[in-house]
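For reference, the structure discussed in these notes is given below.
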Number of protein chains: 2
Amino acid sequence: MTGLALIQIKSEGGRHVLHQKLSSHISCGDCAIRHRAVCARCDTGELAELEAVKFYRSYPAGAPVVWSGEQMDFVASVVSGIAALTQTLEDGRRQMVGLLLPSDFVGRPGRSHAAYDVTATTDLVMCCFRKKPFEALIEKTPHLAHRLLEMTLDELDAAREWMLLLGRKTAREKIASFLCILARREAALQMKSVGHAMTIELPLTREELADYLGLTLETVSRQISALRREGVLDLVGKRGVLVPDFDALQDIAGDDGDGAMLS
Amino acid sequence: MTGLALIQIKSEGGRHVLHQKLSSHISCGDCAIRHRAVCARCDTGELAELEAVKFYRSYPAGAPVVWSGEQMDFVASVVSGIAALTQTLEDGRRQMVGLLLPSDFVGRPGRSHAAYDVTATTDLVMCCFRKKPFEALIEKTPHLAHRLLEMTLDELDAAREWMLLLGRKTAREKIASFLCILARREAALQMKSVGHAMTIELPLTREELADYLGLTLETVSRQISALRREGVLDLVGKRGVLVPDFDALQDIAGDDGDGAMLS
DNA sequence: GCCCAGAATTGACCCAGATCAAGGCGGCTG
DNA sequence: CAGCCGCCTTGATCTGGGTCAATTCTGGGC
């Protein structure tokens, strides 16, 4: 795995990223996810305590972070990039059960082993906290515990939204729903309103998308092609999707619009 | 379990059960779910504060508790009976996104409107807390907040387990998985080990089961019939299921066995 | 005991999406 | 520049589960 990391990682620009464990130590005050992550509501003192037990790790696209069942002695926030949580049946059928975007939290306080496979689907940087001290901090820092509860409740809502998609939506609706969520998030980050033409960067391969949506990669590909033929979207390279009319896409997605934001 | 609920309600006086709000006020100390619910870790003082803002409601089987989008000025624990959380698409397709068993928690602190339809699938008694004071208690009672976090994390795990089922399992596996979960829970409550022949009481109609499993009621019925023909299970009335060999059922369910407990 | 409504079963048929099987298209590597 | 490897697309065919439509149970009320 380390070998893989060394090879692929240069896609990120090449200079320093070669080690899995980064020596650089960003100050929490300067952190891009400072106000959205689990630490969002911590005051300066609490932040200092977190700072003392944190370290960064980075993973190249495609690298595993942990395997289900493995010992996991840290919890973490995604700083940049995207990670996927997946579950697998013995015969190899896979279902992605969560997509972790910047500021999302990985790991469960009070559990020593990973419950899911965690994989970097793009180059990924995580801010990790040693589990023991983090658990101690939760006990004595209401700000931290409260924010974690809030984030977990959001995740639960998102998971349930996804259950509706997996259980009841058609392949076409699944694709449209996923693109809607990405588009909404993109718009929110750029402070633009949805509705205008916009380009989305897919963070997943067709196969990963299939695992997320409960489909096969062929069906994903066919449905995307169909939507393109109908003018609902246009492809820009393999990963870029241009959506000329967001409302049209949302119509196809089939839900009432204000669906759960991804993260 | 359904029977249990019925008995408990009747024993409560028989006459007034038709009213939604019960006048009786059980002391928290005597409560059946005292050590499993959100209050599990509260000390006597904290319990007293909860007691001051709680009230009971009961609902007959089939009754709605709240509709999605409706104002909801309380949060609650299920005391006895079973409730279902469902989401619905405009065209009527329904997906159950959670099954609430005794001790499970309903409602989200910090949110004023229900996110899902909540329905009693059996006669149901809930211990409700007025939302405002409950939220205040969470802020100042780490025991309460911590337990709620733990329960929410459990729910999240269960939801993700269910995503695997919805996205990747066959109808047959879905039915078997559901029965396995019920059986394991039944065994746990009765302190018996699984493996022996055991009878399970289905808390849901075929249609509700279909909504839970992402199937149609016809498919549910056919798969149950098929399993019966094969001798994997036997029906006792409409709702009773006799499982002669738990391991055989678990084999069919397709997952590694130690799946998430329901609640 | 009889009736009836709601729940469940069963059958016939169909279709969305899976499966199997070829290619195509970049982008790296040698 | 050739060749290769990872993706992605597209086609042909198959099938699990959905849809539509009768019956058949079953248990509760009178």
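Lettering follows sequence order; numbering is per chain, from 1. Note that the coordinates shown come from a computational prediction; the quantities given were computed from them, not determined experimentally.
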Would you mind reading off the distance between [X] atom [atom1] and [N] atom [atom2], rounded to a whole angstrom?
X        : N      : atom1 : atom2 : result
A:Leu213 : C:dA16 : CG    : P     : 18 Å
B:Arg93  : C:dA16 : CZ    : P     : 13 Å
B:Lys174 : D:dG16 : NZ    : C1'   : 11 Å
A:Ile175 : C:dG17 : CD1   : C1'   : 12 Å
B:Arg206 : C:dG6  : CZ    : C1'   : 13 Å
A:Arg172 : C:dG17 : CZ    : P     : 11 Å
B:Gln223 : D:dT15 : CD    : P     : 16 Å
A:Leu217 : D:dT10 : CG    : C1'   : 12 Å

Could you go step by step and tell me if B:Arg93 and A:Thr170 meet the side chain to side chain contact (heavy atoms under 4.5 Å, CB included) rule? CA-CA 11 Å; B:Arg93 281 173 286 173; A:Thr170 64; 4.1 Å; yes
Exam field: side chain A:Arg94 to backbone A:Thr88, donor-acceptor pair closer than 3.5 Å: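 Looks like no, no N/O pair under 3.5 Å.
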Side-chain N,O ([X]) to OP1/OP2 ([N]) below 4.0 Å:
X        : N      : result
A:Ser221 : D:dT9  : yes
A:Thr216 : C:dA18 : yes
A:Thr205 : D:dC7  : no

* Asked: Could one point to a donor on the side chain of A:Arg222 or the base of C:dT19 with an acceptor on the other under 3.5 Å away?
  ->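 Side chain to base: pair found, below 3.5 Å.
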query: Between the side-chain atoms of B:Glu218 and the base atoms of D:dC20, is any donor-acceptor pair under 3.5 Å?
result: yes
Ranking B:Val220 and B:Arg168 by the position along DNA chain C of their nearest nucleotide, the one closer to 5' is B:Val220
- Distance from A:Leu215 atom CG to A:Arg206 atom CZ, nearest 0.5 Å?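 Atom-to-atom, A:Leu215:CG and A:Arg206:CZ are 13.0 Å apart.
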Determine the contact category for [X]: base if any of its heavy atoms lies under 4.0 Å from a base atom, sugar-phosphate if only primed atoms, P, OP1 or OP2 are that close, otherwise nothing.
X        : result
B:Gly214 : sugar-phosphate
A:Leu235 : sugar-phosphate
A:Arg239 : sugar-phosphate
B:Ser225 : sugar-phosphate
B:Ile224 : nothing

Plane angle bin for B:Trp162 and B:Tyr212 - parallel if under 30°, tilted between 30 and 60°, otherwise perpendicular: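 If you compare the ring of B:Tyr212 with that of B:Trp162, the planes turn out parallel.
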Taking for each residue the nucleotide of DNA chain D with the nearest heavy atom, is it B:Ala171 or A:Arg229 whose nucleotide lies nearer the 5' end?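 In this pair, the answer is A:Arg229.
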Verdict with reasoning, A:Glu161 to B:Gln87, per side chain to side chain contact (heavy atoms under 4.5 Å, CB included): CA-CA 8 Å; A:Glu161 179 86 17; B:Gln87 276 192 305; 3.8 Å; yes
